[in-house]
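In what follows, chains carry the letters A, B, and so on, assigned in the order in which the sequence lines appear, proteins first and then strands, with residues in each chain numbered from 1.
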Protein chains: 2
Amino acid sequence: MGATTLTTKDNIRQTAEKLFRERGYAAIGMRELAREVGIEAPSIYNHYKSKDDLLREICFDIAEQFFAAFDKAVAGEDKPMKKLRAAIRAHIGVISANIYSSEVFFNEWVFLEEPNLSKFKKMRYEYEMKFRDIIDRGVKKGDFKKLNTKLAAFTIFSALNATYDLYKSSERMNTDEIAEEISNLLLKGLKA
Amino acid sequence: MGATTLTTKDNIRQTAEKLFRERGYAAIGMRELAREVGIEAPSIYNHYKSKDDLLREICFDIAEQFFAAFDKAVAGEDKPMKKLRAAIRAHIGVISANIYSSEVFFNEWVFLEEPNLSKFKKMRYEYEMKFRDIIDRGVKKGDFKKLNTKLAAFTIFSALNATYDLYKSSERMNTDEIAEEISNLLLKGLKA
DNA sequence: CTTTAAAACAAACAAGTGTTAGCTGCGCTG
DNA sequence: CAGCGCAGCTAACACTTGTTTGTTTTAAAG
């Protein structure tokens, strides 16, 4: 399979992910993006309707991956603690498989235009709720101690959503290793 | 003390903090900033050398506050665990005392121009190292379990640096309450 | 008052923004 | 081979960007 030959559209997409990540969506103009791809700016519009359309595709593709990975990971597990561990591993897994675009997902979504912006916020909220539900159930079942579940979910999420930073340093850790250590660190505080 | 009457410079500064936070540094033009202040764009240059100069002042002022609060908080404490708790409380305290500008500090520093950008990165690294040092010492003393201190510091830091989000929701929690709960959650995983 | 300096202004500059119109050449299908 | 359409191009539009110039207003000091 010749994965070496990229279509122009994929080329634009990948170059955009790299540049948006490195210098931010707002700082990258269509002309610079085109130059990096090796074409002229107007040619981009043969593949994407607008700059916003490009950002939208990047952000929503990753969003889908987060949902899919979560559902698949949680499906097999029964106990809240195991569910949460599996969800954390899945979440970090998606990030590590998409180092560039996941960083765009986390940091550049603010530049989405309506109605994509509202749609994105809604999706993200729903995803966060899936995590919070696990914690809520864990508390109700008595597996987790009684605590502010909103704050707990927030804390865990904040830590997870910064992990893309870990893949920048030279000493690249294994993904499962990261997931294991972070889970140990975060989940001890939950146990009843 | 008539704190109600603001100098134009302070007015620009505060308006900038609010707008940069709400819509991002890149999205706010000098004309819009000026309009919100109630002056014309060129008048801003009587108080700030450039747009970058304005961002620089906001970011570095908060940076100083983080350092000062850390040093003051840690000074009294002896045991690593108490040191860490105090540092966390201090860090969250600075954020809660500067809800607008701290969010700019965390999210908009990327738009700083050289040499401010490099200076900023260096400062932030030094600050993070102060946290990591506490953990390192705690491990050496045997108070903390043996773990990847870099990853542990990273996790704690990620959680702390997102707390500005907590002050956005309607049900505003008390700062000490937040610090207490987050500490409980994060530090259980460290104990030997 | 008069002088002086700070701070406001309108006008303009040079560069850059995303995007569109219209044209050209290439390769596939009939 | 003719015709179709995809995908590239140049040129340009309509703004917007941060900032500078030169001038006028404002307010405090002598």
message = Can you tell me if A:S43 touches the phosphate of D:dA7, counting only side-chain N or O atoms and a distance under 4.0 Å to OP1 or OP2?
response = no
request  = Using only side-chain N and O atoms of A:S50, determine if any of them is under 4.0 Å from OP1 or OP2 of C:dG18.
outcome  = no
Without decimals, in angstroms, what is the distance between [X] [atom1] and [N] [atom2]?
X: B:E113; N: D:dT19; atom1: CD; atom2: C1'; value: 12 Å
X: B:Y25; N: D:dT17; atom1: OH; atom2: P; value: 13 Å
X: A:D53; N: C:dT20; atom1: CG; atom2: P; value: 12 Å
X: B:L55; N: D:dG18; atom1: CG; atom2: C1'; value: 14 Å
X: B:I44; N: C:dA7; atom1: CD1; atom2: C1'; value: 13 Å
X: B:K51; N: D:dT20; atom1: NZ; atom2: P; value: 15 Å
X: B:I12; N: C:dA6; atom1: CD1; atom2: C1'; value: 13 Å
X: B:E40; N: D:dT24; atom1: CD; atom2: C1'; value: 14 Å

Considering only side-chain heavy atoms of [X], which listed nucleotide, [options], is closest?
X: A:I39; options: D:dC9, C:dC9, C:dG18; value: D:dC9
X: B:H47; options: C:dG18, C:dA7, D:dT19; value: C:dA7
X: A:P42; options: D:dC9, C:dG18, D:dT19; value: D:dC9
X: B:M30; options: D:dT19, D:dG8, D:dT10; value: D:dT19

message = If we ignore hydrogens and angles and just use 3.5 Å, is the side chain of B:N174 paired with the main-chain N or O of B:E177 as donor and acceptor?
response = yes
ask   = Side-chain donor or acceptor of B:R31 under 3.5 Å from a matching atom on the base of D:dG18?
value = yes
request  = May I ask you to verify whether the side chain of B:N46 and the base of C:dA6 hold a donor-acceptor pair under 3.5 Å?
outcome  = no
request  = Among A:R13, A:R56, A:E57, find the one that has a side-chain hydrogen bond (donor to acceptor under 3.5 Å, both in side chains) with A:Y48.
outcome  = A:E57
inquiry  = As a quick check of understanding, evaluate side chain to side chain contact (heavy atoms under 4.5 Å, CB included) for B:E180 and B:T175, giving each step before the final call.
reply    = CA-CA 9 Å; B:E180 179 72 13; B:T175 298; over 6 Å; no
task = With ring-ring contact (aromatic ring centres under 6.0 Å, His included) as the test, would you mind laying out the steps for A:F120 and A:F105 before giving the verdict?
result = CA-CA 10 Å; A:F120 182 92; A:F105 173 90; 5.2 Å; yes
message = Regarding B:I28, tell me which of base, sugar-phosphate or nothing describes its non-hydrogen contacts under 4.0 Å with the strands shown.
response = sugar-phosphate
message = Tell me whether the rings of A:F157 and A:H91 are parallel (<30°), tilted (30 to 60°) or perpendicular (>60°).
response = tilted
